[in-house]
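Here, residue 1 is the first one in the sequence, and each next residue gets the next number. Heavy-atom basis, side chains included; hydrogens, waters and symmetry copies ignored.
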Amino acid sequence: NVERHKLDDAYVYGIRFAKFSTDSLPEHDYYRVKKPEMVQLKKKNQKDLRLVIDKLEEVVQLMDLEELERAEIRRREEAALKKIREREAAMRKEEEERNAAADLISRLNALDTMFPKTPTGVGETQTKVELPSYDEATMNQAINMDSDMPPPIPPPIPFSAPAETASLDTNNLNQQQEMKPPSYKDLLSRNFADYEQDSVMNLKPANSTSTRNLMNEPIQAPPPTYQSLKGEPATLINPLGPLLPASLDIHGEIISENIKIKVPITTLRYTSKREYDTLQKIQKVQVFALSTYQGRYNETPGKDSTNGCTVISPLVAVNHLTSNGGGISDIMIENIIDNVAPSILTRVRRKLGLSGNALIIPSDVHDFLVDEKILKQEMFVGVCGGNLLDIKHVNEFLNLLENEEVPESRDEEKKDSSKKLGAALFFHEHVVSILKVVLPDGSSWYDLVDSLPRRKNDKLGGTRTRCKDRDSLQSVLQWYACDKFSPSDNQYIDTNDWDDVMCNFDPRVFQAFVWKEI
């Protein structure tokens, strides 16, 4: 059922089996019978019960993931539905604008019909008036006539100042005011048949390319033709405003968004464990057991390294940097845990006034090692810290470990990637070593050395976890962090976002000191 993703059925069957095996079956008379076959069945039932309980935990994790996926699908559906509703509202608004424009045009047409544009004094039935035309001889004769009646009036001359008159400076405006308009005789002496109207405001001789009006003033260029505007739709202005949608987003083009989902820490722990197991299967990550661990000889004077990780880790790092070849050997790590670290632990605690197995702050140990010339100041690369579950914070540490890249540093010195580097990583009241192992071909591996005991092949010992590339190390660090959290830590992480101000109280906080080979 799990493989078929019938998680609800698998959960129900598992709960029923667990309840039957823990509540009902032990009450049966045969359960307490000492016969070999009954004892064998009892053991098999208990083994199956443990297996089912383990599987139930996986089912719960998968159900949580499935619920997260459903929540994300619902969120996307709601976002799409919201976009559709906004688009429909925009389309309705556009339709209303179109209808309003059409209604306005129809009203204007009705006004044109009711009040036609005819000359003043013309009857209602007359729609066109032709003014009389005069030739030049007739007009000159009329001017020279000694009569009390004025000569005939020529056709109206459309004339006005250019549109730029309002923006002329003071000198040009004064010059225009001083210029006298043409006399009545001068106007009548011109042949109006030789003129054609080239704009609403000016006249131009038909057989001339002159660009001056009747007052001998420069006129504006004629308006552009429709053909000249082809290919330049941006110059056309719609007086009724835009009738098309303002953006394609209204019609369904959704802008991509960076969506960050807060995953429960139990789910993150489950996924990181599966990724960690997968990396081991493909041998991107290899775990090697050490023959000893811190605190192994806790009853032997001079060899007790209990709670000595703050000393063991920097000692492993510095011996890695000063060792020959690609890196430190397992035998040397084991010697540091059992023989070298205990005496230094005693001296550090005595200097700080601490009791026998007291925990020590990493920075105090580093100061002691520098004072004792075990660590050299020029070997120090930098220190960084933050949230071990935050990729940005972890990448700052990995950049420091890989290329000596200090965040916000202005140092343009070219770094030597062939040098070994080592770090002491303080997290969750424990310190581990992370070593950059340089291979002959120039590539790098990363070893995480942990002095705490882990059981492997029925033996307790520290571990050396080898990561074949940077991405594998990042995955191992995430698994390592999730594996350290207690139930109370999980509750705190699920209910509180990371805050730099509160980092000292946050179980996700880490601090790393990095040194290099010189």
Side-chain angles (χ1 to χ4, degrees), residues 263 268-290 313 316-321 323-330 332-333 381-407 409 414-427 430-452 454 456 462-484 508 510-517:
V263 181
L268 182 61
R269 177 176 182 174
Y270 174 77
T271 55
S272 62
K273 178 64 167 64
R274 294 193 63 177
E275 184 175 0
Y276 175 71
D277 293 339
T278 302
L279 290 173
Q280 287 192 80
K281 289 179 181 178
I282 63 176
Q283 294 189 345
K284 280 282 189 179
V285 172
Q286 294 176 298
V287 181
F288 304 99
L290 301 174
S313 294
V316 170
V318 71
N319 280 273
H320 167 72
L321 299 177
S323 62
N324 297 324
I328 188 173
S329 64
D330 292 350
M332 188 177 293
I333 296 174
V381 176
V383 60
C384 62
N387 179 4
L388 197 54
L389 298 183
D390 190 317
I391 295 178
K392 181 180 178 181
H393 295 178
V394 174
N395 277 333
E396 290 180 358
F397 165 58
L398 296 181
N399 291 338
L400 196 62
L401 182 64
E402 183 180 25
N403 301 316
E404 306 175 38
E405 293 183 7
V406 180
S409 172
K414 188 175 180 181
K415 309 300 182 182
D416 187 357
S417 60
S418 63
K419 288 186 177 181
K420 293 177 290 186
L421 283 93
L425 177 71
F426 175 73
F427 176 75
H430 181 56
V431 186
V432 297
S433 304
I434 300 181
L435 315 174
K436 178 184 176 182
V437 180
V438 181
L439 304 179
D441 61 357
S443 59
S444 302
W445 288 349
Y446 301 91
D447 289 355
L448 190 152
V449 179
D450 190 353
S451 59
L452 281 180
R454 286 178 59 187
K456 189 173 183 180
T463 55
R464 181 174 189 164
T465 303
R466 173 154 294 167
C467 306
K468 300 295 183 66
D469 52 36
R470 172 173 169 155
D471 293 338
S472 301
L473 175 60
Q474 183 172 322
S475 299
V476 168
L477 289 176
Q478 187 178 73
W479 164 82
Y480 174 79
C482 293
D483 190 60
K484 292 288 183 182
R508 294 165 286 191
F510 80 96
Q511 189 178 37
F513 297 82
V514 182
W515 299 274
K516 65 181 178 180
E517 176 186 11

Please test S433 against H320 for side-chain contact (heavy atoms from CB on, under 4.5 Å), starting from the C-alpha separation and ending with a verdict.
CA-CA 10 Å; S433 304; H320 167 72; over 6 Å; no

Before you tell me yes or no, could you show the steps for I328 and R464 under side-chain contact (heavy atoms from CB on, under 4.5 Å), namely the whole-Å CA-CA distance, both residues' side-chain angles and the distance that decides it to 0.1 Å?
CA-CA 11 Å; I328 188 173; R464 181 174 189 164; 4.0 Å; yes

I'd like to know whether N387 forms a side-chain contact (heavy atoms from CB on, under 4.5 Å) with K392, so could you lay out the CA-CA distance, the side-chain angles of the two residues, the decisive distance to 0.1 Å, and finally the verdict.
CA-CA 9 Å; N387 179 4; K392 181 180 178 181; over 6 Å; no

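Around CG of L439, the count of heavy atoms belonging to other residues, nucleotides or ligands within 6.0 Å exceeds 12.
Of all heavy-atom pairs spanning S475 and E275, the tightest one is OG-OE2, 2.8 Å. Residues W515 and F513 approach most closely at CZ3-O, 3.5 Å, considering heavy atoms.
The shortest side-chain heavy-atom distance between K419 and L321 does not fall under the 4.5 Å cut-off. Looking at heavy atoms from C-beta onward, Q511 lies out of side-chain contact with V431 at the 4.5 angstrom threshold. For the pair K456 and T463, the minimum side-chain heavy-atom distance is 4.5 Å or more. The shortest side-chain heavy-atom distance between K468 and L279 does not fall under the 4.5 Å cut-off. No side-chain heavy atom of Y270 sits under 4.5 Å from any side-chain heavy atom of V263. Between H393 and F397 there is no side-chain heavy-atom pair separated by less than 4.5 Å. Within the 4.5 Å cutoff, side-chain heavy atoms of L389 are placed close to those of C482.
Of the candidates D469, D471, T278, K284 forms a side-chain hydrogen bond (donor to acceptor under 3.5 Å, both in side chains) with just one, namely D469. Tested against L473 for a side chain to side chain contact (heavy atoms under 4.5 Å, CB included), the candidates V285, I434, T465 yield a single pass: I434. The residue from V381, L421, L435, L425 that alone fulfils the side chain to side chain contact (heavy atoms under 4.5 Å, CB included) condition with L401 is L421.
Contact check on D277 versus K273 returns a salt bridge, with a Lys/Arg side-chain nitrogen under 4.0 Å from an Asp/Glu carboxylate oxygen.
Defined by atom type and a distance below 3.5 Å, a donor-acceptor pair is missing between the side-chain atoms of S272 and Q478.
Checked by atom type and distance alone, the side chain of K436 pairs as donor or acceptor with a backbone atom of E402 at under 3.5 Å.
The aromatic rings of Y480 and F427 are tilted relative to each other, their planes meeting at an angle between 30° and 60°.
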